[in-house]
Amino acid sequence: MINPWSSAQYFDYEKLIKEFGIQKPNNYFNFFMFRRHLVFGERGLEYIEYAVKNKIKFNAMTGLMPSGQMHLGNKLSIDQIIYFQSLGADVYIAVADLESYATRGISLEKAHETAVNEYIANYISMGLKPCKIYFQSENFDTENLSYILSNETNMNELKAIYGLTDSSSMLHVNSPLIQAADVLHTQLNHLGGPRATIVPVGVDQDPHIRLMRDLAKRFRIYNVKIEDGKISVYIKGSDDPKNKIDMAIKLLSGHGYECNANYEYRAIYVKNSSPEDKIKIDIDLAVEESKINDFAFIEPSATFQKLETGLKGGKMSSSVPDSLISLNDSESEATRKIKHAVTGGKQTVEEQKKYGGNPDICPVYELYKYHNSDDKYVQRVYDECKGGVRMCGSCKTEAAENISAMLKMLGEKKDESLGKLDNYLIKRSS
Ligand code: TRP
Ligand code: SF4
C-alpha cells in the first residue's frame, strides 16, 4: 500500500507499475524528463496527448507543501508544470497551507511567507509564466467542492485506499478530499469547464490520484465505456433519461457518429466507433454535460516522477541537511555538499581508470541527469564515467559548477520575480 503520509520512499518502479496499474509513458512527450524515464509512470496521460495534438485547452495542476525549503528534488514537478505550460496548459498551483498547518504545525502566516519566498519566487525565476496560484485556506471553491465530493465516497473506500482504521485521524479523511478538490475545481464552469488536467506528482501521491479519478467519474452523467471494441455511453441516475440521451445523440451525430439508443437501459451504442474514439467522445460529452451538470469533470491525468537520491546515498530529506541542495543555498554551500557526496566511483584513481565508475548508483551523476536538459552532454558524462576517463573529483567540481550557475541565476532573478507576484497569486475568494 502506498501511504502519502509516511516518509518511506519507493524505489521499485517496475513493481509499482505491475501492482498498482500505473502505466509507462509512451514517447509522445519530447521533454528530457520523459526521454530519460525520470517520469516513470502515468495515469490517463493519453488525454493530455489528445488535447495537445488537437489544440484543445487543458490544465496543469500541482500543489506544494510550504514547509522547509524548496530543494532540487521538489523542483521536478515544477519543471514538468513549466513544460506543460509551454504546450498550452492553463496552470494552477495549490499552496497546501491547511495541510502543513495540520500535519506540521506551520502557521498560515509562516506558510504564506515560505511559499512566496522559498517556492514561488523560484518557480517564476525558473520560467513559470503567469498562472493561478492560491492558498488552500483562502479558496472558497475548493472548500465547497471538497464538501460536495465527500458525498461520493465512504469510509470503506478510504480504508481500502489509505489503510485507514477506525482510530485514524479525520485529517486523513479530509485532506484527500481537499486535494481532489484542488485538482477538480480547475474544471468548474466559471474557470473554463471540463478539461483534461495533468497533475505531476511523486508516486506517494498516487492514492490521492486514484481517489480523485474515481470521484470525477462518479459525478458524470454520461459514462463513456469501451464495450466489444465500440463505444457505449451510459446515463447515470434514475430519472427519465430521454432528454439526456437525445442531447448526447444530437452532439454525436453532429460529429458523424451513428447511434442506437436504448432508453430502458439508459444506454447509447455508437455503431461506427472504435476504442480510439473514447477520449474524444468523453471530452465532447463532458463539455456538453456541463450545461446541465455543475460537476462534469474529466478524469484527471497524472505523471509520476522518480525520487532523486540524496547526496548521502539515501533519501533526499531535510532531516539529513547534507543530503539535499536547497534552491536557496549559496553557491559555496552547494559546492561543499557536492564535494562531500557519496559516488559510484572506485576506491582509487588507478582502479577508476581501469574499471570505470558506476554512474547508475551515483547521486552526483543524478545531478546531471535530473537537472541538465542537454542529452548529449549527460550521455557523455555517463560514458566517460563508465569508460574510466572521468574521475570523481573533477566530475564533482563540474557538477558543482553547473548547480552553482543555476543557483546564481535564481538568486539574481529573485527580486525581479518577487515583483511579478501579482500576475500569479490569486486573491482570496471569500
Ligand atoms: N499533498 C501534496 C504534497 O504533500 C501537496 C498537494 C496539495 C497537491 N494539493 C495538491 C499535489 C494538488 C498535487 C495536486 O506534496
Ligand atoms: Fe559519479 Fe562522476 Fe564519479 Fe562517475 S565520475 S562515479 S558520475 S562522481
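From a predicted model like this one, the values you see are computed outputs, not experimental measurements. We count ligands from 1, going down the list as the structure has it; atoms in each ligand are counted the same way.
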Listing residue and atom name, which protein N/O/S atoms are closer to atom 4 (Fe) of ligand 2 than 2.8 Å?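 As for protein N, O or S atoms lying under 2.8 Å from atom 4 (Fe) of ligand 2, they are Cys385 SG.
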Kindly write out the residues that satisfy side chain to side chain donor-acceptor pair (under 3.5 Å) with Asp206, not counting sequence neighbours, or none if the list is empty.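 With sequence neighbours excluded, Asp206 shows a side chain to side chain donor-acceptor pair (under 3.5 Å) to Arg43, Arg210, given in chain and number order.
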Under the side chain to side chain donor-acceptor pair (under 3.5 Å) test, residues paired with Thr142 that sit two or more places apart: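 For Thr142, no residue satisfies side chain to side chain donor-acceptor pair (under 3.5 Å) once neighbours in sequence are set aside.
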Please confirm whether Lys225 makes a cation-pi placement over Tyr234, using NZ or CZ under 6.0 Å from the six-membered ring centre and within 45° of the ring normal.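 The answer is yes; both the distance and angle limits are met.
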Under a plain distance cut-off of 3.5 Å, with no hydrogens placed, do [Y] and [X] share a side-chain donor-acceptor pair?
X	Y	value
Thr309	Glu366	yes
Ser323	Ser317	no
His340	Asp322	no

So, for Tyr134 and His185, is the gap between ring centers shorter than 6.0 Å?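 They qualify: ring centres under 6.0 Å apart.
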Tyr162 and His172 aromatic centres sub-6.0 Å: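 No.
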List, for ligand 1, each N/O atom that has a protein N/O partner under 3.5 Å away, with both atom names and the distance.
unit_1	atom_1	unit_2	atom_2	d
ligand 1	1 (N)	Glu99	OE1	3.2
ligand 1	1 (N)	Glu99	OE2	3.2
ligand 1	1 (N)	Gln179	OE1	2.8
ligand 1	1 (N)	Gln205	OE1	3.1
ligand 1	9 (N)	Asp182	OD2	2.7

What is the ring orientation for Phe219 with Phe295, classed by angle as parallel under 30°, tilted 30 to 60°, or perpendicular over 60°?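 Aromatic pair Phe219/Phe295 classed perpendicular.
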